[in-house]
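As C-alpha cells, the structure follows; a few thoughts come after it.
Treat the numbers as computed from the prediction; the structure is a model and nothing was measured. Each chain gets a letter, A, B and so on, in the order its sequence line appears, and its residues count up from 1. Keep in mind that the numbers below use all heavy atoms, side chains included, and drop hydrogens, waters and symmetry copies.
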2 protein chains.
Amino acid sequence: MLSPTEFVDTHRPAGGRRSGKRDVIVGVFLEQQGHIGADQLVDVVRARDARISRATIYRTLQWMVDAGIARRVDFGDGRFRFEHAYRHPRHFHLICRQCQQSYEFLSSDVEALVEEVAATRRFTAQEAVVQIYGICEACSAGRPTADEPEPVETVFARDALRVAIATERSGLTFYTRAAKKAKDARGRAVFQRLASEEREHLGTLEARYRELVSADPALESRPAFLFFKGASDGLFAAGADELLQKGVDDRQALLIGIRCERASHRFFKKYGERFEESEGKRIFLEFAAEEREHCDLLVREYKALVERERSRAQAGRTRRRA
Amino acid sequence: MLSPTEFVDTHRPAGGRRSGKRDVIVGVFLEQQGHIGADQLVDVVRARDARISRATIYRTLQWMVDAGIARRVDFGDGRFRFEHAYRHPRHFHLICRQCQQSYEFLSSDVEALVEEVAATRRFTAQEAVVQIYGICEACSAGRPTADEPEPVETVFARDALRVAIATERSGLTFYTRAAKKAKDARGRAVFQRLASEEREHLGTLEARYRELVSADPALESRPAFLFFKGASDGLFAAGADELLQKGVDDRQALLIGIRCERASHRFFKKYGERFEESEGKRIFLEFAAEEREHCDLLVREYKALVERERSRAQAGRTRRRA
DNA sequence: ATAGATGCAAACCCTTTGCACATTA
DNA sequence: TAATGTGCAAAGGGTTTGCATCTAT
C-alpha cells in the first residue's frame, strides 16, 4: 500500500520542481477527510505556515487536480470543493441542503445504466456526476450532525469483499444447480468440481471478511458505500440457457465454467481499475486475478480435453483404416 | 393542454403584482428551447425591449425558479443555465466537453436506484442530478454540431407510449402464460379474460402510437429520451410466485390480477406526477387512470365473488342445519 | 397609499492573472 | 541561468443588492 508521500510522487508530473510550500499544501490537503473548499483550505494551511498566499493555494489545487491527486467537485452552490484521491475511491454524493454535509456512495448499477445510456446515444462518457439533494437523516431527526467522517476506505473494502462474496455465492448456487440438472456423468462431475472450488474460495473470502470486521466491530453496521444489485447476478446468467438443455457433457460444462469465470474476471477488473490506490481496489483486482487464474486453468483443461478427444478420434480412424 | 400563459398563471405566486417587463422576460424565456444562460437571455430580451435591465432579468429568473416555472442547472463551468418546465419534463444531462452542447435523457431505472440509495441511508431525497460528461457523437465524428434542438416534448410522448405498450405486452404475456398454466377452469377463465383485455388495451395504445408517429415519421428513429429497462418488468413479477402453484382458482386469479394492475397503476401515477404539463405526463396519467379503473373493476368483481361464495356457504349451512 | 417592481451602479464572491521577485535543478 | 514557483494586488466573471424611483392594485 502506498504512503501519502509515495502516492504524491507517483502522480507528480515530469518537468516540475519541488517546492516546500507546495509540499505543505499537499500534505495538509491529504490529511483532510471528505471535501474541503479552497477558502477553508487556506485557513488550515495558514495555521501551519502563515506566509503561504491564497493564490499559491489555488494554484496548487489546480496542480493537484491536473496530477490526479485531487478531484474538484461542484455542489451547485457557486464554489468548488476538493477531495483527494488517496485511498478514496471515486463516488457519488448525497448532499444535505440543511447542514450542507455530504455523504458518499457508489452504485455499480447506476454506473452500468449510465454507460448504457451513453452508448445508446453514441456519447463517449468520460465522467459521471450523480448528486442526490435533500435532507439527511440527522437533520430530519432534529439531531445535530455527526461530524465524524465516514471511514470510506474501510467501508469500501468491506463492500468490495461483500460483492466478491455475493459473486462467489451466486457462482456456487449456479454450479450446484447445474450439477443437479446435468444428466451426463462427466458434465456433472465438472460442475461438482467447480462448485467445490467456489465453496473453497468462498471460505477464504469469508474468513477475510470476518478478519476485517473483527478489527472494527462497528464496521459491519455502517451504511453501504458501494451499492451493487444486479452487478454480480448477471455474471452467471450467461450460462443459464445451456443449463436448460440438460445434456451437458464435460466439454460443454467446462465451456460454461470458462464463460462464467471470465465474465466475473472482467467485471472485477473493470471495477478495480476505476479506483485510485485503496484497499477496496486491491480486493477487486486480487479477486479479478484469482478469477482469471481459475479461468486460465479451466481453459488449459478444456484444451487438454479437446486434444484427448481429437487423438482418440484419430486413433479410431487409424484403427478403422487398418 | 395548458397554454404558456395559463401555465405561468397557475404558477404565479400570490401577493405579487403584474408587470409588463416581467411578462416580456417570462414570455421570451418560454420561447427558448433547451437551456439558456442569464447573459444570453439578457441579449434575447433586450432585442425585444432594450430598456429592461440586467438586474431585472436576474430577479425574474429567480422568481421563475421559485415559482416552479424555470429550473436552474449547473454544468460546472461557473455559470448557471435555466430551462423552463413548460412542456419540458425533468431530466438528466449528457454534456459535451467539446461543443458544450447538452443532450437530455431520463431513466426510470436510474431514478429507482437513486431512490433506493436514499432510502437505505434514510435520506429524504428532493432532487437528483445526473450528468454524464464526455464527447458527443457529432464531435467525435468530426461533424459540426447539429443546432436543431431535440423535440423533447414529442419524443417524451413517444417514449411514454412505448413504456405503456411494453407494460401492456408484459401483462399480456403474463396473463397468457398464467392461463396456460392454470389447472382450475374458473381461474383459467379469469386469466384468459384478463389477457384479452390487455390485448384490447394494447391495440388502443398501438393505434395511438402509430398516429403519433405518422404525424412525424422521423420521430420513430430519434434517440430515446426515456430509458426504461426494468421499470415495467417488475410490475408483473409480483404475481409470478403464485403462478408456480398452478391450482389457482378464480378468486386467486382475480387477486393476482388486482395486484398487477395496482402495481402498474402506482408506477404510472408516480411517474406521471413527476412532470410538469406535457404530453408525456398526460399519457402516463391517463394510463395510470385506466389501470386504476381496471383494477377497481376487478376489485368489485372480487367482492361480488366473495359475497356469492359467502352466501352460498351460508345457504349450505342453513340447509345442513335444517 | 403602499407594497411590490425596476434601473443603475456598486458590491459581492470566488477564482484567475500579471508582474516582480524568489527558488530550484 | 533558465525554467518554475510565490506573493501581492488587481482584474475577472457571474451574480446579488442598496437605494431611489416607478407602478400596479
_Taking the axis from the first five pairs and the axis from the last five, what angle separates them in the helix from dA1(C)-dT25(D) to dA25(C)-dT1(D), rounded to 10 degrees?_
20°

*Checking ring pair (Phe, Tyr, Trp, His ring centres under 6.0 Å) against H93(B), which of F225(B), F75(B), Y103(B) comes through?*
F75(B)

*Would you call R46(A) and D43(A) a salt bridge, taking side-chain N to carboxylate O under 4.0 Å as the test?*
no

*asked:* Nearest whole Å is fine: how far is dT15(D) C1' from D77(B) CG?
replied: 14 Å

*Hey, can you pull the residues of residues 56-64 of chain B with a non-hydrogen atom under 4.0 angstrom from DNA chain D?*
Y58(B), R59(B)

*In terms of side-chain geometry, is the basic nitrogen of R48(B) or E31(B) positioned less than 4.0 Å from the acidic oxygen of its partner?*
yes

*Of all the nucleotides listed (dT16(C), dT6(C), dT15(D)), which has the minimum atom distance to the side chain of R54(B)?*
dT15(D)

*Any luck finding a side-chain donor-acceptor pair between E273(A) and Y271(A) under 3.5 Å?*
no

*Just compare dA25(C), dA24(D), dG7(C) and give me whichever is closest to any side-chain atom of R18(A).*
dA25(C)

_With a 4.0 Å cut-off on N to O distance, would you call E127(B) and R90(B) a salt bridge?_
no

*Taking only Lys NZ, Arg NE, NH1 and NH2, and the carboxylate oxygens of Asp or Glu, determine whether D49(B) and K21(B) approach each other closer than 4.0 Å.*
no

*Can you tell me the distance, in whole Å, between the CG atom of L41(A) and the C1' atom of dT15(C)?*
14 Å

*Just how far, in rounded Å, is C1' of dC12(C) from CZ of R79(A)?*
13 Å

_Spacing of R12(A) atom CZ relative to dT4(D) atom P, expressed in whole Å_ = 15 Å

*Would you call E83(A)-R72(A) a salt bridge at under 4.0 Å N-O?*
no

*Grab the CZ-C1' distance between R22(B) and dA3(C) for me, whole Å please.*
13 Å

*Name the nucleic acid region contacted by G15(A), choosing base, sugar-phosphate or nothing; use a 4.0 angstrom heavy-atom cut-off, strictly under.*
sugar-phosphate

*Please tell me which of G16(A) and I25(B) maps to the more 5' nucleotide of DNA chain C, matching each residue to the nucleotide holding its nearest heavy atom.*
I25(B)

*Over how many whole Å does the gap from D23(A) atom CG to dT23(C) atom C1' extend?*
13 Å

_Nearest to the A55(B) side chain among dA9(C), dA9(D), dA5(C), which nucleotide is it?_
dA9(C)

*asked:* Hydrogens and angles aside, do H35(A) and S102(A) bring a side-chain donor and acceptor to less than 3.5 Å of each other?
replied: yes

*State plainly whether the residues R18(A) and D23(A) are in salt-bridge range, i.e. N to O under 4.0 Å.*
yes

*Do the side-chain N or O atoms of K21(B) get closer than 4.0 angstrom to the phosphate oxygens (OP1, OP2) of dT23(D)?*
no

*For S19(B) and dA5(C), is the shortest distance between a side-chain N/O and OP1 or OP2 below 4.0 Å?*
no

*Do E115(B) and R274(B) sit within salt-bridge range, that is, some charged N less than 4.0 Å from a carboxylate O?*
yes

*Could you state the atom-to-atom distance from CD1 of I52(A) to P of dC8(D) in whole Å?*
11 Å

*Check the distance between dA5(C)'s P and D49(B)'s CG and give it to me in whole angstrom.*
18 Å

*Report the nucleotide, chosen from dT16(C), dT4(D), dG7(D), that has the shortest atom-to-atom distance to any side-chain atom of R17(A).*
dT4(D)

